[in-house]
Amino acid sequence: MDLNMTYLTLGGHVEVHKYRYLYFIIMCTAYIFIICSNCTIVYLIWFHQNLHEPMYIFIAALLINSVLFSTVIYPKLLIDFLSEKQIISYSPCLLQYFMFYSLGIAEFLLLLGMAYDRYVSICKPLQYPTIMKKTTVCIFLAVAWLLPAAEMLAAVIISLNRKLCNFTLKGIFCNNLIYKLHCVPSRTISIYGVFVFINVVLLPLLFILFTYAKIFTVTYRSRKEVRKKAAETCLPHLLVLINFSMLCAYDVIIVRLQSNIPKVARFIMTLQLILYHPIFNPIIYGLKMKEIHKHLKRLFLKMK
């Protein structure tokens with residue numbers, strides 16, 4: 001099979017011919033906002049010396065990840081809205097699939113790094129400088145991006161030589177639905193998918209929940225000032241975690257129950273998957289993180 005000559009139809013769009021310009025304006029506005037808002041906070045963290053701490057470095061990495069995640073989806077989506085046919089060749093589809101899940105999984109691992117940072121800061125404050133060194137942060141960041149990439153690369157390699165019998169993808173971008181195109185379901189892919197899910201989603205999620213449970217146990221017994229500080233730094237991370245976990249659940253629901261979900265509902269759910277999280281992150285960190293909010297406020301006052 002010639003990967004570059006095999007074209008797939010993205011069949012998840014709803015009445016593109018009728019609402020193409022409305023879709024384009026909404027998604028283009030959202031993409032511009034995502035880039036500007038996320039990059040503004042990353043700039044503030046890079047520029048201000050007092051924000052060069054592990055917690056803020058993890059936030060900057062998370063926001064950069066959001067921009068990359070959006071860039072994997074939005075440009076192609078915007079082109080599709082203005083095109084007569086919504087198609088993609090199989091090799092770019094596999095690349096989009098690879099990037100989508102690599103960056104999505106990296107989000108969980110970055111949230112794990114944040115949770116560990118908060119755990120050490122609040123539960124082991126005296127050991128914090130020796131544990132959360134620059135080297136530790138760099139290792140966390142490297143693992144967060146390289147481990148998902150390696151595991152998703154293996155998934156793509158397994159899929160490369162699979163024969164396709166269906167050329168209509170019931171989505172608006174390439175995700176796990178590409179496996180529905182294969183002539184024969186692969187047991188190897190299914191088992192490997194479960195392994196990846198347990199390894200880089202379920203275990204990190206359980207570790208994150210464990211660390212926050214420990215944090216809340218320690219802070220509950222502490223002074224009011226400690227509880228307030230813990231709430232200020234942990235609440236934004238928890239909100240982002242809950243939001244992202246719900247969106248991941250959306251992705252699983254869409255793939256598993258795609259034949260039972262009406263096309264319009266599936267389209268709306270998919271748009272929520274790619275809209276909410278990259279927009280939600282900079283708003284949460286910009287408003288809820290005291291130091292970032294302070295610098296953001298000063299920046300806007302200078303602009304006036």
Side-chain angles (χ1 to χ4, degrees), residues 38 41-66 68 102-151 196 198-245 281-282 284-286 288-295:
N38 283 280
I41 294 178
V42 171
Y43 164 75
L44 290 175
I45 292 169
W46 170 77
F47 185 77
H48 294 283
Q49 198 69 33
N50 69 321
L51 299 181
H52 291 186
E53 296 176 10
M55 179 175 69
Y56 297 110
I57 292 168
F58 281 123
I59 290 172
L62 195 74
L63 299 181
I64 291 168
N65 199 73
S66 292
L68 295 172
S102 293
L103 293 168
I105 294 168
E107 192 98 359
F108 261 116
L109 298 182
L110 289 169
L111 288 168
L112 182 149
M114 288 175 158
Y116 182 70
D117 172 73
R118 293 298 83 209
Y119 167 74
V120 176
S121 174
I122 293 165
C123 300
K124 300 180 179 181
L126 297 178
Q127 295 171 263
Y128 184 79
T130 55
I131 295 174
M132 293 307 295
K133 296 181 290 187
K134 186 178 178 180
T135 309
T136 310
V137 175
C138 289
I139 290 169
F140 265 112
L141 295 179
V143 170
W145 275 311
L146 295 178
L147 179 62
E151 296 200 347
V196 171
I198 292 171
N199 188 30
V200 290
V201 177
L202 186 60
L203 291 179
L205 182 60
L206 291 174
F207 180 80
I208 291 166
L209 294 175
F210 169 76
T211 54
Y212 283 120
K214 289 287 288 181
I215 288 168
F216 290 136
T217 303
V218 170
T219 54
Y220 181 76
R221 299 169 184 164
S222 303
R223 300 188 313 274
K224 186 179 177 181
E225 295 78 14
V226 176
R227 290 199 297 271
K228 186 180 177 183
K229 182 188 175 185
E232 283 177 357
T233 57
C234 293
L235 183 60
H237 301 327
L238 275 174
L239 289 173
V240 169
L241 175 66
I242 292 165
N243 177 58
F244 189 65
S245 299
N281 280 2
I284 286 295
Y285 288 122
K288 292 292 182 182
M289 298 300 287
K290 192 175 177 181
E291 287 299 315
I292 293 176
H293 180 69
K294 185 172 71 177
H295 289 299

Give me the atom names and distance for the closest heavy-atom approach of [X] to [Y].
X	Y	value
P148	S102	CB-O, 3.4 Å
A213	T217	O-OG1, 2.7 Å
I215	A115	CD1-O, 4.4 Å
L63	P282	CD2-N, 4.1 Å
W46	H52	O-NE2, 2.8 Å
S66	N281	OG-ND2, 3.2 Å

Report yes or no: does T136 contribute a side-chain atom to a donor-acceptor pair with the main-chain N or O of I131 at less than 3.5 Å? yes

I would like to know whether W145 and L103 meet side-chain contact (heavy atoms from CB on, under 4.5 Å); could you show each step before the answer? CA-CA 7 Å; W145 275 311; L103 293 168; 4.3 Å; yes

Please state whether the rings of H48 and H295 are parallel, tilted or perpendicular, taking 30° and 60° as the class boundaries. parallel

To the nearest 0.5 Å, how far apart are [atom1] in [X] and [atom2] in [Y]?
X	Y	atom1	atom2	result
K124	K214	NZ	NZ	8.5 Å
I41	L62	CD1	CG	10.5 Å
K133	C138	NZ	SG	11.5 Å
Y128	R118	OH	CZ	5.5 Å
Y119	F207	OH	CZ	8.0 Å
I57	L110	CD1	CG	12.5 Å

Side chains of F140 and L112 in contact at under 4.5 Å (non-hydrogen atoms): yes

Is there a side-chain contact between N38 and I64, using heavy atoms and a 4.5 Å cut-off? no

Applying side-chain contact (heavy atoms from CB on, under 4.5 Å) to L44 and Y56, what does each step give before you reach the verdict? CA-CA 10 Å; L44 290 175; Y56 297 110; over 6 Å; no

Before you tell me yes or no, could you show the steps for F108 and V200 under side-chain contact (heavy atoms from CB on, under 4.5 Å), namely the whole-Å CA-CA distance, both residues' side-chain angles and the distance that decides it to 0.1 Å? CA-CA 8 Å; F108 261 116; V200 290; over 6 Å; no

Steps toward side-chain contact (heavy atoms from CB on, under 4.5 Å) verdict (E291, L51): CA-CA 8 Å; E291 287 299 315; L51 299 181; 3.7 Å; yes

